[in-house]
There are 2 protein chains.
Amino acid sequence: MIADPQSAFRALADPTRRQILMMLRRQDMTIAQVAGNFDMTRAAVKKHLTVLTDGGLVTVRTRGRERLNSIDPQGMAPVRDWLGVFDAFWDDRLAALKSAIEEDSP
Amino acid sequence: MIADPQSAFRALADPTRRQILMMLRRQDMTIAQVAGNFDMTRAAVKKHLTVLTDGGLVTVRTRGRERLNSIDPQGMAPVRDWLGVFDAFWDDRLAALKSAIEEDSP
DNA sequence: CTGTTTTGATACCATTCGGTATCGCAATTG
DNA sequence: CAATTGCGATACCGAATGGTATCAAAACAG
């Protein structure tokens with residue numbers, strides 16, 4: 001049984017959130033730091049970060065009055081697992097294509 | 001340069017659409033066939049299929065008055081490519097975690 | 001040709017979503 | 001203590017989204 005990927009897929013569907021993930025890849029950041037890189041209010045960024053944490057892609061740890069956001073390395077596992085189902089599909093398709101070609105040219 | 005994954009991520013964000021992809025994995029289907037597996041109107045399913053084709057995940061071919069929907073094997077490439085950027089990140093993180101643990105318990 | 005079937009297109013509705021404005025709270029700093 | 005700083009929470013707004021109902025068009029059957 002694999003985890004429900006819905007919240008993760010939902011989190012990845014917004015370009016701003018994917019951009020935030022790209023930023024967090026380099027270093028952990030506070031909300032204010034993240035917001036400094038966007039033309040939107042801190043509250044809006046906070047909402048995006050909430051969606052990302054709900055999706056399991058980001059974790060938060062408190063340090064004094066700061067809240068550091070970091071990527072959760074395990075977060076994309078449900079997404080990868082779901083997409084992995086299609087690997088077999090690709091293989092099947094290609095195999096079918098291959099045998100079709102082989103039967104065409106005996 | 002990799003393709004913009006926005007439309008594909010958008011398409012994958014809805015559970016109904018992911019379910020449709022799972023169904024199309026087994027066989028190509030008309031809109032009516034797909035709609036037969038859901039408790040919603042054909043028009044609603046048609047909208048989902050439009051989002052899926054916009055995302056490059058599904059292609060349509062006309063056969064008589066039927067419109068057969070099939071999965072596009074190349075459609076998920078932009079998504080995979082985008083996610084791939086985080087592979088190196090995972091490795092780095094896990095390596096850092098591993099060495100941190102090893103340094104903690106000698 | 002007439003009627004049925006499969007589909008596309010549109011108008012419309014309720015909900016969700018991305019965003020701002022604003023308030024209040026906790027932690028540092030003077 | 002008071003002032004500042006960083007953050008969370010909420011109410012509110014416009015736009016997008018998921019869904020229905022409905023109509024028109026194309027392809028096949030009789």
Side-chain angles (χ1 to χ4, degrees), chain A residues 4-24 27-72 75 79 82, chain B residues 4-24 27-72 75 79 82:
Chain A
D4 181 17
Q6 174 55 31
S7 57
F9 272 117
R10 209 276 246 189
L12 289 174
D14 185 271
T16 300
R17 287 194 288 267
R18 290 199 306 276
Q19 214 170 329
I20 291 177
L21 285 177
M22 286 295 188
M23 293 171 44
L24 292 181
Q27 56 172 330
D28 298 349
M29 302 174 78
T30 67
I31 293 187
Q33 281 178 312
V34 175
N37 290 272
F38 290 97
D39 187 22
M40 74 181 70
T41 64
R42 184 185 52 77
V45 170
K46 158 67 174 166
K47 282 191 179 182
H48 282 304
L49 283 170
T50 298
V51 175
L52 285 168
T53 58
D54 287 350
L57 301 173
V58 164
T59 57
V60 190
R61 71 178 185 280
T62 304
R63 197 178 61 183
R65 70 181 154 188
E66 284 182 344
R67 305 263 297 164
L68 274 188
N69 302 88
S70 20
I71 293 187
D72 184 346
V79 175
W82 192 91
Chain B
D4 181 18
Q6 174 54 31
S7 57
F9 272 117
R10 209 274 244 188
L12 289 174
D14 185 273
T16 300
R17 287 193 289 265
R18 290 199 306 278
Q19 213 170 328
I20 290 176
L21 286 177
M22 286 296 188
M23 293 170 45
L24 291 181
Q27 56 172 328
D28 299 349
M29 302 175 80
T30 67
I31 293 186
Q33 282 178 311
V34 175
N37 289 272
F38 289 97
D39 187 22
M40 74 180 72
T41 63
R42 185 186 52 78
V45 170
K46 159 66 175 167
K47 281 191 180 182
H48 283 304
L49 283 170
T50 299
V51 175
L52 285 168
T53 57
D54 286 350
L57 301 173
V58 164
T59 57
V60 191
R61 70 178 185 281
T62 304
R63 197 180 58 184
R65 68 182 151 185
E66 283 182 344
R67 305 265 297 164
L68 232 35
N69 302 88
S70 22
I71 292 187
D72 184 346
V79 175
W82 192 92

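Chain identifiers are assigned alphabetically (A, B, ...) following the order of the sequence lines, protein sequences preceding nucleic acid strands; residue numbering begins at 1 within each chain.
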Fill in the blank from the handout: note: B:Ile31, atom CD1; C:dT5, atom P; distance rounded to Å ~ 17 Å
Completion exercise
Of B:Leu49, B:Leu52, B:Val34, the one forming a side-chain contact (heavy atoms from CB on, under 4.5 Å) with B:Asn69 is B:Leu49
Handout entry: With sequence neighbours excluded, residues passing side-chain contact (heavy atoms from CB on, under 4.5 Å) with B:Gln33
Key = B:Met29, B:Thr30
Problem - Phosphate-side-chain proximity, B:His48 and D:dG19, N/O vs OP1/OP2 below 4.0 Å - result: yes
Exercise for the section: Measure from CD1 on B:Ile20 to C1' on D:dG19 and round the result to the nearest Å. Expected result: 13 Å
Completion exercise
Across all chains, not counting sequence neighbours, the side-chain contact (heavy atoms from CB on, under 4.5 Å) partners of B:Thr59 are B:Ser70, B:Asp72
Problem - B:Leu12 side chain reached by B:Leu57 side chain, heavy atoms, under 4.5 Å - result: yes
Completion exercise
Here the salt bridge (Lys or Arg N to Asp or Glu O under 4.0 Å) pairs for residues 46-62 of chain A, sequence neighbours left out, are A:Asp28-A:Arg61
Exercise for the section: Considering just the side-chain nitrogens and oxygens of A:Arg63, establish if one lies under 4.0 Å of OP1 or OP2 belonging to C:dA27. Expected result: no
Fill in the blank from the handout: Between CZ of B:Arg17 and P of D:dT17 the distance, given in whole Å, is 9 Å
Fill in the blank from the handout: For A:Arg10, the side chain to side chain donor-acceptor pair (under 3.5 Å) test, sequence neighbours excluded, returns none
Practice task
Could you check which residues of residues 6-16 of chain B get a heavy atom under 4.0 Å from DNA chain D? Sort them by number, please.
Solution key: B:Arg10, B:Asp14
Practice task
Figure out the NZ/P separation between B:Lys46 and D:dG18, and round it to whole Å.
Solution key: 15 Å
Practice task
Take atom CZ of B:Phe38 and atom P of D:dG18, then tell me their distance rounded to the nearest Å.
Solution key: 13 Å
Problem - Phosphate OP1/OP2 of C:dT6: any B:Arg67 side-chain N/O under 4.0 Å - result: no
Exercise for the section: To the nearest Å, give me how far apart CZ (B:Arg18) and P (D:dG18) are. Expected result: 12 Å
Handout entry: Whole-Å distance separating the CG atom of B:Leu68 from the P atom of C:dT7
Key = 9 Å
Practice task
Round to the nearest Å and state the distance from A:Glu66 atom CD to D:dG8 atom P.
Solution key: 12 Å
Exercise for the section: Evaluate the side-chain proximity of A:His48 to A:Phe38: yes if any heavy-atom separation is below 4.5 Å, no if none is. Expected result: no
Give me the distances for all protein-to-nucleotides 20-23 of chain C N/O pairs that come in under 3.5 Å?
from   : atom 1 : to      : atom 2 : distance (Å)
C:dT20 : OP2    : A:Thr41 : N      : 2.8
C:dT20 : OP2    : A:Thr41 : OG1    : 2.9

Handout entry: No-H, no-angle donor-acceptor pair, B:Arg65 side chain to C:dT7 base, under 3.5 Å
Key = no
Practice task
Indicate yes or no for a side-chain donor-acceptor contact from A:Gln6 to the backbone of B:Ala13 under 3.5 Å, with no hydrogens or angles considered.
Solution key: yes
Practice task
Taking B:Arg17 for its side chain and B:Ala11 for its backbone only, find out whether a donor-acceptor pair lies under 3.5 Å.
Solution key: yes
